[in-house]
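Numbered from 1 within each chain, the chains take letters A, B, ... in sequence-line order. When reading the values below, keep in mind they use all heavy atoms of this one structure, side chains included, and skip hydrogens, waters and symmetry mates. Just so it is clear, the model here is predicted, and its values are computed rather than measured.
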Protein chains: 2
Amino acid sequence: MGTTQLDSVPEPKYWHLKTVIGEALDTDFSVGEILPNERDLAARFGVARATLRQALEQLELEGRLQRRRGVGTTVAPPRVGVDVSTTRHRWPGAADDSWRPVDCGLPEVPAAVARLLDLDPAAGAPVHMVRRIRLTHGQPVAAEQLYVPASSVPALTAIDAPSGPTRARAVLRELQRLTLDGQDRAVELGSARAEDAKELDRLPGAPVLVVTTRYFSAGRTAALSLGTYRADTCRLTFGDAGDLQIAS
Amino acid sequence: MGTTQLDSVPEPKYWHLKTVIGEALDTDFSVGEILPNERDLAARFGVARATLRQALEQLELEGRLQRRRGVGTTVAPPRVGVDVSTTRHRWPGAADDSWRPVDCGLPEVPAAVARLLDLDPAAGAPVHMVRRIRLTHGQPVAAEQLYVPASSVPALTAIDAPSGPTRARAVLRELQRLTLDGQDRAVELGSARAEDAKELDRLPGAPVLVVTTRYFSAGRTAALSLGTYRADTCRLTFGDAGDLQIAS
DNA sequence: GAGTGGTCTAGACCACGGC
DNA sequence: CCGTGGTCTAGACCACTCT
């Protein structure tokens with residue numbers, strides 16, 4: 001028989017689908033264009049809807065597609081570069097930095113946060129939590145929880161607004177008065193908590209890049225930031241030489 | 001009837017499952033311990049296996065679980081911090097840097113790579129591709145493709161081994177002779193190509209953090225690195241954030 | 001109300017690892 | 001060989017958005 005080479009390791013259907021659809025996106029579709037719905041696509045490729053969805057999920061993970069319930073599946077624009085470099089040593093909230101303060105409160109801090117702030121978990125020292133949203137081209141790309149021990153901003157009076165954006169700005173303003181000795185940063189994959197998902201216009205559990213930043217002042221950790229970036233639409237950039245190239 | 005509050009927005013089953021299992025991991029299991037198999041777990045929670053798997057997939061994405069076909073599901077150790085800071089301006093391959101050269105060749109470069117290297121796609125100028133694996137605690141955490149235009153390392157003779165680890169080391173050695181003016185870096189989410197997945201001991205399509213680095217010398221891009229890091233086991237650190245822990 | 005993607009079910013078979 | 005996770009099917013219903 002003239003059968004072709006046996007597939008010693010046959011490729012899964014969804015993997016093949018992903019390749020085929022991915023190539024079609026490059027050639028037959030333009031950014032923003034809407035794809036046929038999942039039932040049609042599945043029928044067209046002769047697979048079950050669940051299998052087709054596996055392929056679409058991967059393409060969405062890679063930022064090639066955007067899916068919205070009740071609307072449809074569209075071709076995603078290229079990911080936007082979001083600068084998260086640590087080379088400029090600045091406190092959060094400095095001289096407008098594309099973040100919009102949303103709220104502020106004095107929550108109980110998770111044990112993991114307390115540990116990173118070098119706080120005694122049992123002591124229950126008060127910690128401000130500033131909540132901010134980062135916008136790029138008018139779209140929300142990140143939600144942040146910034147933990148600031150009250151001891152870092154002692155001059156802050158409780159007389160001002162106890163919560164809300166005004167309070168958030170007050171905390172950030174006080175932070176600028178400290179000397180920033182340094183910062184360090186880590187990036188890892190996570191899934192969006194319900195609260196963050198809402199602000200990012202995603203469903204809970206959506207893949208996100210979690211950026212953890214410690215701000216050091218006077219030999220201690222003066223603030224801790226937990227940034228949640230949309231993994232589908234963002235590319236985090238650390239550019240200490242990004243502009244060398246523009247000359248071309 | 002004494003029914004409890006209606007769920008105005010009922011929580012999906014898999015989301016609830018994820019929470020329940022996640023808490024169980026903290027209290028009833030220790031690192032490396034093996035969980036009951038998926039069929040048992042699904043029966044125990046009274047859900048279909050597909051629903052249970054959705055919960056496990058999320059926990060794996062968050063680095064809490066590790067699943068291996070033919071073996072089972074185990075509790076994952078905390079993610080390892082992998083330093084990818086750009087503060088030390090060094091070429092890849094300098095004074096051993098936890099990377100192991102694997103191979104080298106002169107492949108056709110993808111159009112996207114050619115563009116980042118400022119090469120004329122039509123010209124077909126030769127480009128070395130060095131392939132390296134990064135090990136941490138003996139485990140592979142990243143696979144890299146380092147593209148070096150032949151024009152960046154003109155002294156490299158073709159007389160040496162034309163491919164293989166020896167050739168890779170020769171290319172890296174030549175790179176050290178150039179002055180490194182700067183570098184920039186970007187991180188985004190991707191899924192593992194079949195080739196990388198194999199080296200990382202994962203299935204194709206596994207979530208990975210793609211780190212793109214440009215190395216500048218003499219006003220041009222002298223090399224381009226595409227690093228593929230296991231997203232389940234790695235936390236990328238910038239600065240001395242090595243001891244930052246997940247705060248989920 | 002119509003149409004979309006999101007969730008869920010109850011099965012089946014396959015690929016892989018260890019025994 | 002058996003048990004594991006990985007793939008796949010053919011349905012069903014739900015939540016959401018737009019008209």
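- Within 4.0 Å (heavy atoms only), A/Leu203 reaches sugar-phosphate atoms of the nucleic acid but no base atom.
- Between B/Pro165 and B/Pro101, the shortest heavy-atom contact is CB-O, 4.0 Å.
- Note: B/Phe238 and A/Phe238 have parallel aromatic rings, judged against thresholds of 30 and 60 degrees for the angle between ring planes.
- One interatomic measurement links the two molecules: CD of B/Glu38 to C1' of C/dA10, which rounds to 15 Å at whole-angstrom precision.
- Looking at which nucleotide of DNA chain D each of A/Arg49 and A/Gly46 is closest to, the 5′-most match is held by A/Gly46.
- Here the P atom of nucleotide D/dC8 and the CD atom of A/Glu57 are 13 Å apart, to the nearest Å.
- Distances shorter than 4.0 Å separate some side-chain N or O of B/Arg67 from OP1 or OP2 on D/dG6.
- The interatomic distance linking B/Glu60 (CD) with D/dT4 (C1') rounds to 14 Å, in whole Å.
- The nearest whole Å value for the distance from the NZ atom in A/Lys18 to the C1' atom in D/dT7 is 16 Å.
- We find that CZ of B/Arg202 is positioned 15 Å from P of C/dC16, with the value rounded to whole Å.
- OP1 or OP2 of C/dT7 has at least one side-chain nitrogen or oxygen of B/Tyr14 nearer than 4.0 Å.
- In this model, the phosphate group of C/dT7 is not approached by any side-chain N or O of B/Thr51 to a distance below 4.0 Å at OP1 or OP2.
- One finds no salt bridge joining B/Glu144 and B/Arg134 here, because no Lys/Arg side-chain nitrogen approaches an Asp/Glu carboxylate oxygen to under 4.0 Å.
- The nearest whole Å value for the distance from the CH2 atom in A/Trp15 to the C1' atom in C/dC14 is 18 Å.
- Between the CG atom of B/Leu56 and the P atom of D/dG5 there is a distance of 8 Å, given to the nearest Å.
- Other residues, nucleotides and ligands contribute at most 12 non-hydrogen atoms within 6.0 Å of the CZ atom of B/Arg68.
- Each of B/Val75, B/Leu56, B/Asp26, B/Ile21 was compared with B/Arg64 under the side chain to side chain contact (heavy atoms under 4.5 Å, CB included) criterion, and only B/Asp26 meets it.
- In terms of position along DNA chain C, the nucleotide closest to A/Asp40 lies nearer the 5' end than the nucleotide closest to the other residue of the pair B/Gly70 and A/Asp40.
- Residue B/Arg68 is classed as a sugar-phosphate contact, given heavy-atom separations below 4.0 Å to backbone atoms only.
- Side-chain proximity of A/Gln54 to D/dC8, C/dC8, C/dG6: nearest is D/dC8.
- When rounded to the nearest whole Å, the span between CG of B/Leu59 and P of D/dG5 equals 14 Å.
- Side-chain nitrogen and oxygen atoms of A/Asn37 include at least one within less than 4.0 Å of the OP1 or OP2 phosphate oxygen of C/dT4.
- Nucleic acid contact class of B/Arg39 (heavy atoms, under 4.0 Å, all strands): base.
- Checking the phosphate oxygens (OP1, OP2) of C/dG6, a side-chain nitrogen or oxygen of A/Arg53 falls inside 4.0 Å.
- In terms of phosphate contacts, A/Thr73 brings a side-chain nitrogen or oxygen within less than 4.0 Å of OP1 or OP2 of C/dG5.
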